Amino acid sequence: MAAGRAILRPMDHLALDRAAWHARRYLDQVDTRSVAAPATRDALLARFDIPLLPEGLPAAQVIDDLAAAAEGGQLGTGSARFFAWVIGGALPSAIAAEWLVSAWAQNAVIYATSPVPSVVEEVAGKWLLDLLRLPATASFAFTTGCQMAHFTGLAAARDQVLRAVGWDVATQGLAGSPPIRVLASELRHVSLDRALRYLGIGSHQLEILPVDGDGLLAPLVLEAALARGSGPTIVGLNAGDLNTAAFDPYPALIPLAHAHGAWVHVDGAFGLFARSSERFATLTDGMDLADSWATDCHKWLNVPQDCGFAAVRHPEPHRRAMTIHDSYFVGEQAARDAIDWTPEWSRRARAFGVYAALRELGRDGVTGLIERNSAQCEALVRGLAELPGVELISPPRLNQGLVRFLDPRPGATAAEHDARTERVIETINRGGEAMFGGVTWQGRRAMRVCVVNWQTDETAVARTIAAVARSLSL
Ligand SMILES: Cc1ncc(COP(=O)(O)O)c(C=O)c1O
C-alpha cells in the first residue's frame with residue numbers, strides 16, 4: 001500500500017546531505033547573489049502550487065525540489081549589504097546549532113520533555129544577563145521574538161501593578177479590574193501596542209507622550225503625564241528607536257516612574273546589545289534600573305530568526321503570569337521548566353543558537369560586532385550624505401541613520417522630494433547590490449540605514465555607496 005510504504009521508508013540521510021549542500025551553496029553565493037529577491041510572486045506560486053501527490057516522494061528529492069523552487073525568492077538578509085529593517089544575519093555556529101535542534105526534534109516545554117534544552121536555556125539566559133549587564137537574579141524567557149518578549153515582560157507588569165491594588169489578574173481576569181494606564185513615547189515600536197492588545201490593554205489605555213527634537217522622552221513630559229493620572233501604571237521606554245536609535249534618559253526617567261509606583265518596561269530589540277560595549281555607556285547607563293527588558297537575539301546577536309529574549313527583575317510576577325501545571329508534568333525539582341516563564345507550550349529549543357553564537361563570538365566578539373557595525377553605519381551614512389542630492393535627515397547613531405534624496409529640479413516641492421526618495425530606494429533595491437527600507441520621518445520620506453550583520457565590512461560599505469551613487473543617475 002502506498003501510505004504504508006511512505007511511512008516505512010527508512011531515514012533518508014541523503015536528504016540531510018542535500019540540505020547541507022544547498023545551504024552551503026547558498027551561503028557561499030551570498031556575496032554575489034542579488035540582495036533583492038528577483039523571483040516574482042507569480043513565478044514562486046507557479047513553482048510551489050503544484051498538485052499534492054497521492055504518493056510521497058523520496059526525502060532527498062523533496063529537498064532538491066524545494067531548493068530549486070525557492071531560488072530567487074529569498075532576500076539577502078544574510079548579506080553584508082543588507083541594511084533594510086533591522087534583520088540580522090546568522091553566524092555559522094548558530095545556523096549549524098539550529099540544524100542540530102531540528103535533527104534532535106526536542107520539545108523544550110519542560111525539563112521532562114527534554115533535559116538538554118532546559119539546561120542550555122538556563123546557561124544561555126545567565127550569559128545574556130551578564131553580557132547585557134542586567135541583574136543576575138532576573139528571570140528570563142526565550143521567546144519567538146521581541147514582540148513576544150514584550151508580551152512576557154508586560155504580562156509580569158500587568159500581574160504586579162494590579163496585585164499592588166488588590167487585584168489578582170490570574171484568577172479574576174480583566175473584567176471589572178482597575179484600569180491600567182500605559183505611558184510610552186510616540187517613537188515606540190508598535191509591537192508594544194500589539195503585545196498590550198494581547199494582554200487586554202487597548203489603545204485607549206495607551207497614553208502616547210511626545211518626544212523632544214532628539215527623539216527622547218523628556219523627564220518633565222513623563223512627570224507631567226504620571227501626575228495626570230493614578231492607579232496601576234506601566235511605562236514603556238525605548239532603547240534604540242528604529243529610525244534614530246534614540247535611547248531615553250533612563251537615570252532620570254526610571255526613578256520618576258518608580259516614585260509613582262509604575263513598572264518600567266524597556267524595548268531594546270537591538271539597542272539592549274549596546275550594553276555589551278563600554279563605548280555606548282552614555283546611551284545605556286541606568287537602563288538596568290527598569291523592571292523588564294525585551295530584546296532579540298535574531299537581530300544583533302545574528303542567530304537565525306525566531307529568537308527573542310525577555311528579562312524580568314521580579315521573578316515572582318513573571319512566574320505567576322506564565323506558569324501552569326498539569327498532572328503529566330513530572331521531573332526534576334531543581335530543573336528549569338520553560339513553561340514557567342514563556343507564553344508557549346510545545347516549543348523549539350531556540351537557546352541552542354544563542355549558546356552557540358555566544359561561544360563563537362565570545363564576550364569580546366559580541367562587543368566587537370556592536371562597535372564594528374556602529375563604525376560601519378557611521379561610514380555608510382556619512383558616505384551617502386556626501387553624494388550629490390543626498391540630505392542627512394538623522395545622523396548615524398549606534399547603528400541607524402536616515403538620509404533622503406532631493407529632487408534636483410529648482411523649487412521642487414516636499415512631495416517631489418518624497419517621490420524622488422521612494423524612486424531612488426526602489427532603484428537601489430532593484431539593482432540587487434544593496435537593500436534599504438523607506439520610512440516617513442517627521443513628515444518626510446527617508447531611507448533607513450541599519451547595520452546589524454556580522455559580515456558587513458569596509459568593502460561592503462564602499463560597494464554600497466558606489467551602488468547608491470549609480471542609482472542616483474538612473
Ligand atoms: C525596536 C523594535 N522593537 C520590537 C520589534 C519587534 O521584534 P520582533 O519582530 O522580533 O517581534 C522590532 C522589530 O523590528 C523593533 O525594531
Side-chain angles (χ1 to χ4, degrees), residues 75 77 82-90 94 128 132 140-155 182 184-199 206 208 211 215-217 234-248 250 264-275 280 283-284 287 290 292-311 342-344 347-348 350-351 353-354 357 370 373 377 394 397-402 435-441 446 448-453:
L75 283 190
T77 43
F82 187 87
F83 306 108
W85 300 287
V86 189
I87 301 184
L128 280 177
L132 304 175
F140 54 82
F142 286 93
T143 58
T144 51
C146 190
Q147 180 193 272
M148 291 312 287
H150 287 330
F151 176 86
T152 306
L154 293 169
V182 181
S185 104
E186 60 181 308
L187 292 189
R188 77 205 175 285
H189 191 270
V190 289
S191 56
L192 190 89
D193 304 31
R194 193 152 179 252
L196 288 167
R197 193 198 299 165
Y198 294 167
L199 289 161
L206 179 60
I208 298 165
V211 294
L216 306 181
L217 181 57
I234 299 170
V235 173
L237 299 182
N238 282 343
D241 152 67
L242 194 59
N243 297 308
T244 62
F247 282 73
D248 285 324
Y250 315 105
V264 179
H265 175 80
V266 174
D267 178 352
F270 60 92
L272 203 61
F273 276 84
R275 281 180 66 79
F280 303 112
L283 295 179
T284 65
M287 197 195 285
S292 54
W293 306 264
T295 189
D296 263 324
C297 301
H298 59 215
K299 288 191 168 62
W300 226 344
L301 190 57
N302 279 250
V303 309
Q305 293 301 305
D306 212 37
C307 192
F309 183 70
T342 58
E344 303 147 349
R347 56 196 285 280
R348 186 170 180 79
R350 60 176 62 91
V354 175
I370 304 309
N373 280 171
C377 179
S394 174
R397 182 156 41 180
L398 190 62
N399 63 339
Q400 313 280 322
L402 297 178
M435 180 159 271
F436 294 93
V439 68
T440 299
W441 172 249
R448 291 189 57 251
V449 178
C450 167
V451 189
V452 273
N453 192 297

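All ligand and atom numbering here is 1-based and tracks the order in the structure. Residue indices begin at 1 and follow the sequence shown. Computed from a predicted model, the values in this text were never measured in an experiment.
- Here H265 pairs with H150 under the ring pair (Phe, Tyr, Trp, His ring centres under 6.0 Å) rule; sequence neighbours left out.
- A heavy-atom distance below 4.5 Å is not found between the side chains of T342 and M148.
- Side-chain contact of W300 with N399: a donor-acceptor pair under 3.5 Å is absent, judged by distance alone.
- Of the possible polar contacts, one joining the T295 side chain to the G268 backbone as a donor-acceptor pair under 3.5 Å is found.
- For the residue pair H298 and P304, the shortest heavy atom distance occurs at CB-O, 3.5 Å.
- The pair R188-D193 counts as a salt bridge, with a side-chain nitrogen and a carboxylate oxygen less than 4.0 angstrom apart.
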Between ligand 1 and the protein, give all atom pairs where both partners are nitrogen or oxygen and the distance is under 3.5 Å, as lines of names plus distance to 0.1 Å.
unit_1: ligand 1; atom_1: 3 (N); unit_2: D267; atom_2: OD1; d: 3.1
unit_1: ligand 1; atom_1: 3 (N); unit_2: D267; atom_2: OD2; d: 2.8
unit_1: ligand 1; atom_1: 7 (O); unit_2: D296; atom_2: OD2; d: 3.3
unit_1: ligand 1; atom_1: 7 (O); unit_2: K299; atom_2: NZ; d: 3.4
unit_1: ligand 1; atom_1: 10 (O); unit_2: C146; atom_2: N; d: 2.8
unit_1: ligand 1; atom_1: 10 (O); unit_2: D296; atom_2: OD1; d: 3.0
unit_1: ligand 1; atom_1: 10 (O); unit_2: D296; atom_2: OD2; d: 2.6
unit_1: ligand 1; atom_1: 10 (O); unit_2: H298; atom_2: NE2; d: 2.9
unit_1: ligand 1; atom_1: 11 (O); unit_2: C146; atom_2: N; d: 3.2
unit_1: ligand 1; atom_1: 11 (O); unit_2: Q147; atom_2: N; d: 2.8
unit_1: ligand 1; atom_1: 14 (O); unit_2: K299; atom_2: NZ; d: 3.3

